[in-house]
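In this text, all values refer to a predicted model and were calculated from it rather than measured experimentally. Nothing fancy with the numbering, it's 1 onward along the sequence.
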Amino acid sequence: MSLQIFNTVTRSKETFQSQVPGQVSMYVCGPTVYGYIHIGNARPMIFFDVVRSYLENQGYKVNYVVNFTDVDDKLIRKAEEMGASVPEVAETFIGAYYEDLEGLGIPRATANPRVTESMELIIEFIRDLENKGYAYANGGDVFFRTKKFADYGKISGQNIEELQFGIRIDVDDRKESPEDFVLWKAAKPGEIFWESPWGPGRPGWHIECSAMSRHLLGDTLDIHGGGQDLQFPHHECEAAQSEAVTGKPLANYWMHNGYINIGGEKMSKSLGNGVLVKDLRGQYTKEAIRYFMLSTHYRNPLNFTEETMLQAVRGVERISNAAGNLHYRLREAEAANDAAAATPEWTQKLEAIRSMFHAKMQDDFNTPDAITALFEWVSEVNGLLAQTEVKAADLKAAAELFAEMNGVLRVAAGEAEPELLDEEIEALIAERVEARKQKNWARADEIRDLLQEQGILLEDTPQGMRWRRK
């Protein structure tokens, strides 16, 4: 089966084919760095990380770019509130973003370009639009002439007339048409600015992505992604200005993830119901957060509640426990120098699970059904571990399949060697084992309580005494 991607522009699934064999260029709109990121930001961060991981699993080299908007009205207001400069505000929250990124188990993108470091590119791009008749200056501002671009509205599925009457557009007498959007803003007194052919100012929101993506990835991207809220106006305007300059499609595949609701209500500042990632990380593991985000298809709305997070925690525990038990038995079997070949029936079971996983991932990155494949693996592995005698080759094959699937989703722990206890805790566990042999239950319970205080839980399993961290 070939990879199918739902393209927002055509409203249909299409067979994926990269422009350069074995390589993928992917651009995803990143955060405006004036505050801590919330779970609405985290959804595309996690999902498009999975897209990248799966493409890499399929043998592609992925050039993955996520931008930082580090100057705009929000940053200027935040700087005034904090009594700091705009670059200082941006640096603070870019640092916080990277902390959250690591805390969600997401590797950094290939590049994270910033608006403030791309000003020459942006100004040059606007000049190109102006020279081609798509841009006009008025009073130090520069606007895009939307009526000149025939395909304006293709991302959101609306035409110019629908946009004029269906979308609130601020009245601005300097515009030739109400739907024209700003490419360059003249600086107000006291604001941060850059010199330009139109006077001191700064870029509008949409132009930055056109300039930076073209510079780093070329005229046409393989994949352009972002949240559903970016379809209009951001991606609509971005595609218009890019294609007006190059005469080529900005992207061959447009992907948009759905909204996150909080307790059934849309997350919004007006309702004050936002959840910050840094706070969520204090309550749940990265695996549980990723499991929650991937438990619903990326194009569907996702509802955040305590119950849905509890379900994620339970799911992660079930998968991680199976993986941990498997690796425990595998180390024992390898230590015994078991060189027997894998069982054919077991190999067939694993191949059926592998095929299921990839079929779901290739069907527009159907992560909830891919997680179901992981649970099929859990059921089979638990059955295998219930047997007294198990071949090391069977255990190793199961471990390799887990690493393959979880390497894409990263929704569970257990594929790596367990973290070693320090010498003090190892000694306590050994002492507790001896106390139980001597029927010194009071000392055994005392040690158990002491270990719990240090976040260590002991478990008696069919494979022997095991420990895990809370």
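The ring-ring contact (aromatic ring centres under 6.0 Å, His included) check on Y64 picks up nothing, with sequence neighbours excluded. In this view, R43 satisfies the salt bridge (charged side-chain N to carboxylate O under 4.0 Å, His left out) rule with no residue, not counting sequence neighbours. Evaluation of the ring-ring contact (aromatic ring centres under 6.0 Å, His included) rule for Y259 yields no partner, not counting sequence neighbours. Checked against ring-ring contact (aromatic ring centres under 6.0 Å, His included), W205 has the following partners two or more places apart in sequence or in another chain: H234. Remark: T15 pairs with S2, Q4 by the side-chain contact (heavy atoms from CB on, under 4.5 Å) rule, at least two apart or across chains. Q348 is linked by a side-chain contact (heavy atoms from CB on, under 4.5 Å) to nothing, counting only residues two or more places apart in sequence or in another chain. Contacts of H256 classified as ring-ring contact (aromatic ring centres under 6.0 Å, His included), with partners at least two apart in sequence or in another chain: H235. With sequence neighbours excluded, the residues forming a side-chain hydrogen bond (donor to acceptor under 3.5 Å, both in side chains) with T308 are T305, listed by chain and number. Applying the salt bridge (charged side-chain N to carboxylate O under 4.0 Å, His left out) rule to E404 yields the partners R354; only residues at least two apart in sequence or on another chain are considered.
Looking only at atom types and distance, the side chain of T8 has no donor-acceptor partner in the side chain of Q231 under 3.5 Å away. Defined by atom type and a distance below 3.5 Å, a donor-acceptor pair is missing between the side-chain atoms of Q158 and E236. In this structure, a donor-acceptor pair under 3.5 Å is present between the side chains of E208 and N67.
A distance of 3.5 Å separates OG in S25 from CG in D222, rounded to the nearest 0.5 Å. Atom CZ of R52 and atom CG of N63 lie 10.5 Å apart (nearest 0.5 Å). Distance CD1/I319 to CZ/R314: 14.5 Å, rounded to 0.5 Å. Rounding to the nearest 0.5 angstrom, the gap separating the CZ atom in R290 from the CG atom in N406 is 9.0 Å.
Looking at heavy atoms from C-beta onward, T367 lies in side-chain contact with V50 at the 4.5 angstrom threshold. Side-chain contact check for L183 versus L129: some heavy-atom pair is nearer than 4.5 Å. P31 places a side-chain heavy atom less than 4.5 Å from the side chain of Y97. With a 4.5 Å cut-off on side-chain heavy atoms, H297 and N366 count as touching. Taking the side chain as every heavy atom from C-beta outward, I223 and W254 never approach each other to under 4.5 Å. In this structure the side chain of V313 never reaches within 4.5 angstrom of the side chain of Y291, judged on heavy atoms. Considering only heavy atoms from C-beta on, D180 comes within 4.5 Å of Y136 through its side chain. By the 4.5 Å heavy-atom criterion applied to side chains, P233 and F181 are not counted as neighbours.
The minimum heavy-atom distance between A342 and D394, with the atom names listed, is CA-OD1, 3.3 Å. Residue A333 comes nearest to A392 through the heavy atom pair CB-CB, 3.6 Å, listed as atom of the first residue, atom of the second, then distance. In terms of heavy atoms, G225 sits closest to F48 at CA-CZ, 3.6 Å. Minimum interatomic distance between I262 and V275 (heavy atoms only, all atoms of both residues): CD1-CG2, 4.1 Å. Nearest approach of S18 to V20, heavy atoms of both residues: OG-O, 2.9 Å.
Among residues at least two apart or in separate chains, ring pair (Phe, Tyr, Trp, His ring centres under 6.0 Å) pairs with a member in residues 356-390 are Y54-H358, W377-F402. Among residues at least two apart or in separate chains, salt bridge (charged side-chain N to carboxylate O under 4.0 Å, His left out) pairs with a member in residues 1-24 are K13-D363.
Only one option out of T246, I207, L250 pairs with Q241 in a side chain to side chain contact (heavy atoms under 4.5 Å, CB included); it is I207. Checked options R281, K286, K278; the residue passing with D100 is R281 (criterion: salt bridge (charged side-chain N to carboxylate O under 4.0 Å, His left out)).
Relative to the ring axis of Y134, K148 places its NZ or CZ within 45° and under 6.0 Å from the centre.
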field: Worked check of side-chain hydrogen bond (donor to acceptor under 3.5 Å, both in side chains) between S320 and E287
entry: CA-CA 10 Å; S320 299; E287 290 86 6; over 6 Å; no

task: Report the C-alpha separation of Y152 and F144 in whole Å, then their side-chain angles, then the decisive distance to 0.1 Å, and conclude whether the ring-ring contact (aromatic ring centres under 6.0 Å, His included) test is met.
output: CA-CA 11 Å; Y152 191 74; F144 183 86; 7.1 Å; no

message: side chain to side chain contact (heavy atoms under 4.5 Å, CB included) for I39 and F304? Distances and angles first, verdict last.
response: CA-CA 9 Å; I39 59 172; F304 175 86; 3.9 Å; yes

message: side chain to side chain contact (heavy atoms under 4.5 Å, CB included) for K175 and V182? Distances and angles first, verdict last.
response: CA-CA 9 Å; K175 295 181 179 181; V182 66; over 6 Å; no

message: Applying side chain to side chain contact (heavy atoms under 4.5 Å, CB included) to L330 and K396, what does each step give before you reach the verdict?
response: CA-CA 7 Å; L330 177 58; K396 185 177 180 181; 4.2 Å; yes

query: Is there a side chain to side chain contact (heavy atoms under 4.5 Å, CB included) between D364 and L3 once you walk through the steps?
result: CA-CA 7 Å; D364 193 31; L3 176 60; over 6 Å; no

- prompt: For T116 and D70, what are the C-alpha separation, side-chain angles and deciding distance, and is it a side-chain hydrogen bond (donor to acceptor under 3.5 Å, both in side chains)?
  reply: CA-CA 7 Å; T116 56; D70 61 345; 2.5 Å; yes

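Looking at R410, its side chain does come within 3.5 Å of a backbone N or O of G407 through a donor-acceptor pair.
Salt-bridge check for R202 with D73: passed, with a basic side-chain N closer than 4.0 Å to an acidic carboxylate O. Taking 4.0 Å as the cut-off between side-chain N and carboxylate O, R114 and E91 count as a salt-bridged pair. A salt bridge is absent between E243 and K248; no separation between the charged side-chain nitrogens and carboxylate oxygens falls under 4.0 Å.
No more than 12 heavy atoms of other residues, nucleotides or ligands lie within 6.0 Å of OH in Y36, so this atom counts as exposed by the packing criterion. Environment of CD in Q23: crowded, with over 12 heavy atoms of neighbouring residues, nucleotides or ligands closer than 6.0 Å. Applying the 6.0 Å contact sphere to CD of E120 captures no more than 12 heavy atoms from other residues, nucleotides or ligands.
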List the atom pairs, with distances to 0.1 Å, where a side-chain N or O of residues 211-218 and a protein N or O form a donor-acceptor pair under 3.5 Å, not counting sequence neighbours.
from : atom 1 : to   : atom 2 : distance (Å)
S213 : OG     : C209 : O      : 2.8
S213 : OG     : S210 : O      : 3.4
R214 : NE     : D219 : OD1    : 2.9

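The ring of H224 has its center no closer than 6.0 angstrom to the ring center of Y253.
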